[in-house]
S.K.: 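Right, I'll just put the structure down here and ask away after.
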Amino acid sequence: MKYVYIDTMGCQMNKSDTERMLGMLSHFGYEETHEPEKADLLMVNTCSIRQLSEDKAFSAVGTWGKWKKEENKNIKIGFCGCVAQQKAEQIFKRAPYVDFVLGTHKIYALPEIIERINRGERVCECTETNKTEDDVSDKYEIQRVKGVNAWIPITEGCNNFCTYCIVPYTRGRERSRLPEIIIKEAKDALNAGFKEITLLGQNVDSYGKDFKDRNYRLADLLRELNAIEGKFRIRFVTSYPTDITDELIKTVVELDKVCEYFHIPMQSGSSQVLKAMNRRYDRETYAKIVKKVRDMVPDVTITSDFIAGFPGETEEQFEETLSAIDEFALDYSNLASYSPREKTVAAKWVDKFIPENIKDERFQRLNKKIQENCLKSNLKYVGREMEVLVESFYEHKGQMINSGKTRNFKTVHIPYDKDLTGKFINVKITDAKTWYLKGEIVP
Ligand code: SAH
Ligand code: SF4
Ligand code: F3S
C-alpha cells in the first residue's frame, strides 16, 4: 500500500477534481492520508483566481521539495489544477523537484502519468481539450469526501471573459457533461448515503447550450434529478445573472427537492464598473433579476460575489456597491480585493490600479456591510419553523452542537444530544447571529 496526500485549494470544482483523482489513485493502490509526512505521493491541486492563491501553491510544494532533497529522494510530487493549466512547463523551472504537472483538462490522464513518473520520467500534461472526459469517468469510482453533500460538475469552463478573470484560461471553453452521466453520478452518491446533490458550473444556467444533438437545459436536468426516489436536496451554483431564465425560476418553485437558494454574483454595484468588467448587465438589470427571483421564490436566499478596488473604481462607484448590498437585500456575499491576473484584459490597465491601502480600506467597509446584511437576513427567520439537514456535530464556544443547513442555505446550530448527521429535522429558530441561526428541535 502506498499513501497519497492531496492539498486542495480553490473552489468546489477543484474539490470535485480531487475526489476524482483520489478514485483513480485508489485503483492503483494509493490510499489517501491526511499526514503529508507519511505520503509517497504528494499533490497540490491549485487555484489561480488571485495572486495569493497562486503563491500558496508554490509555498506548499516548496516544503515538499526540501523533504525530497534532504530526507527522502523517493517521494513523488505532483502539481495540478488551475495554476498548472496556466503555467504548464514553467512550473518545472520554478519548482524543479516537481515530478509531474497536470492541468485541469486531462485529469483522467493521471493513471498513465503515475506509471510514467514511476519509471523515472518527468511529465507535463496541460493540453487543452474541447470535450469533457466523460468517456472514461465511469471507469473509476469517485472517492467523495465523507459528509452529506455530493458535488457534481455539470459544466466546465467559461466563455464570458470578464476582464479580471483567469478562469476561461485555466478551465477552457464551456463544455456540458451528458445528463445520463450526471444522473448516474447522482444516483451513485444517493445510494452511498449522500443527502444533497450540488450541481457545479461557472455558469450553471448555460448548461446544455453546447449540445448539438438535443435540446436539454438545466431545468430539464433538475426535473430528471428531482424524480429520483428518496428524500434528498438539490442545489446548483453559480448563476450568471442574465442567464437565469423564467423557466428555471419556475422549475425551482415547482420541484420539491430543489432548494430556495441562488448564488448570483454581481461583482460591482456600479454600471460603469460592470461595463469595464465586461459583465453583460448593468445595475438596473441585476435589480430586475433579483426582484423577479424574490417575487417568485418564497424565502429565497440570494448570495453574491463582489470585487473591491477594480482598476479605475472611484469612491462614488465603490459606494454604489455598498448601496447595492442594501438595496437588493443580499443575504450574504463573498468578497475579494482585485488581484491582477496574467493574460486578462484588466491586468494591463496598470495606470488605473487602485493603491493597496485603498483596496484594503474598501474591502473592510464592504465586509462590514456584508456582515450587517447577513445578520439582518438571519433575523427574518427567528420564530419560524424550518427543516434542517444536519451536516456535522462539533464543539462551538464550549458547547456541543449539531450543525446543519435550512433549504435556503442558512446554517443552524442545534444543542447536541446525539449525532444527527444526515438527518432531516424540524427546528424552531430561537435566535439569529451574523453567521448562523440557533434552533431547537420541534418534538
Ligand atoms: N463564474 C462566477 C465566478 C467564478 S470566480 C461568476 O461569473 O460570477 C469566483 C469569484 O472570484 C468571482 O465571482 C470574483 O468575485 C472573484 N474573482 C475572480 N477574479 C478575480 C480577481 N482577478 N481578483 C479578485 N477577485 C476575483
Ligand atoms: Fe470568470 Fe466571468 Fe467566467 Fe465567472 S463568468 S468564471 S467571473 S470569466
Ligand atoms: Fe480557482 Fe480554478 Fe476554481 S482558478 S476558483 S480553482 S476554477
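These values consider heavy atoms only, across backbone and side chains, with no hydrogens, waters or symmetry-generated copies. Every value quoted in this text rests on a predicted model; they were computed, and no experiment measured them. When a ligand or atom number is given, it counts from 1 through the structure's own listing order.
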S.K.: For atom 1 (Fe) of ligand 2, how many protein N, O or S atoms come closer than 2.8 Å?
M.R.: 1
S.K.: State yes or no: are the ring centers of F328 and Y286 separated by less than 6.0 Å?
M.R.: yes
S.K.: Report the relative orientation of the aromatic rings in F28 and Y140; use parallel for angles under 30°, tilted for 30 to 60°, perpendicular for over 60°.
M.R.: tilted
S.K.: Which ligand 3 atoms, with their elements, are less than 4.0 angstrom from a heavy-atom of R171?
M.R.: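 Result: 7 (S).
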S.K.: Is there a side-chain contact between C82 and C47, using heavy atoms and a 4.5 Å cut-off?
M.R.: no
S.K.: Quick one: which ligand 2 atoms are inside 4.0 Å of a heavy atom on N203?
M.R.: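 Every atom of ligand 2 under 4.0 Å from some heavy atom of N203: 5 (S).
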S.K.: Could you tell me, for ligand 1, which of its N or O atoms are under 3.5 Å from any protein N or O, listing the pairs and their distances rounded to 0.1 Å?
M.R.:
from, atom 1, to, atom 2, distance (Å)
ligand 1, 1 (N), Q202, O, 3.0
ligand 1, 1 (N), Q202, OE1, 3.2
ligand 1, 7 (O), R279, NH1, 2.9
ligand 1, 8 (O), Q267, NE2, 3.3
ligand 1, 8 (O), R279, NH2, 3.4
ligand 1, 13 (O), Q267, NE2, 2.7
ligand 1, 13 (O), D305, OD2, 2.6
ligand 1, 15 (O), Q267, OE1, 2.7
ligand 1, 22 (N), Y164, O, 3.0
ligand 1, 22 (N), S339, O, 2.8
ligand 1, 23 (N), S339, N, 3.0

S.K.: With a cut-off of 4.0 Å, which atoms of ligand 3 are near a heavy atom of Q202?
M.R.: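 Close to Q202: 7 (S).
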S.K.: Would you check if the distance from the ring center of F306 to the ring center of F310 is below 6.0 Å?
M.R.: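 Centroid separation for F306 and F310: 6.0 Å or greater.
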S.K.: Could you tell me whether K250 and E247 have a side-chain N and a carboxylate O separated by less than 4.0 Å?
M.R.: no
S.K.: Are the aromatic ring centres of F79 and F58 under 6.0 angstrom apart?
M.R.: yes
S.K.: Classify the ring geometry of Y261 against H263: parallel below 30°, tilted from 30° to 60°, perpendicular beyond 60°.
M.R.: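 If you compare the ring of Y261 with that of H263, the planes turn out parallel.
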S.K.: Would you say that D331 contacts V300 through its side chain, given a criterion of any heavy-atom pair below 4.5 Å between the two side chains?
M.R.: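 No - every pair of side-chain heavy atoms lies 4.5 Å or more apart.
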S.K.: Can you list everything that forms a side-chain contact (heavy atoms from CB on, under 4.5 Å) with A39? Sequence neighbours excluded, please.
M.R.: Y5, T33, L42
S.K.: Roughly how far, to the nearest 0.5 Å, is CD1 of I166 from CD of E54?
M.R.: 7.5 Å
S.K.: Please walk me through it: do E342 and T344 pass side chain to side chain donor-acceptor pair (under 3.5 Å)?
M.R.: CA-CA 6 Å; E342 202 185 324; T344 62; over 6 Å; no
S.K.: Protein N, O or S atoms at less than 2.8 Å from atom 1 (Fe) of ligand 3, how many?
M.R.: 1
S.K.: Between Y436 and H396, is the ring centre distance below 6.0 Å?
M.R.: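 Yes, the ring of Y436 comes within the 6.0 Å limit of the ring of H396, centre to centre.
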S.K.: May I ask you to decide if S270's main-chain N or O and S268's side chain share a donor-acceptor pair within less than 3.5 Å?
M.R.: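 A pair under 3.5 Å: yes.
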S.K.: Looking at ligand 2, would R171 count as a contact under a 4.0 Å heavy-atom criterion?
M.R.: no
S.K.: Closest non-hydrogen protein atom to atom 4 (Fe) of ligand 2, residue and atom name please, with distance?
M.R.: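 Checked against all protein heavy atoms, atom 4 (Fe) of ligand 2 sits closest to R279 NH1, 4.1 Å.
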S.K.: For Y3, does the six-membered ring have the charged nitrogen or CZ of K38 within the cation-pi criterion, i.e. under 6.0 angstrom from the centroid and within 45° of the normal?
M.R.: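 Pair K38/Y3 counts as cation-pi.
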S.K.: K410 vs D299, test: salt bridge (Lys or Arg N to Asp or Glu O under 4.0 Å). Steps then yes/no.
M.R.: CA-CA 11 Å; K410 297 281 182 189; D299 283 342; over 6 Å; no
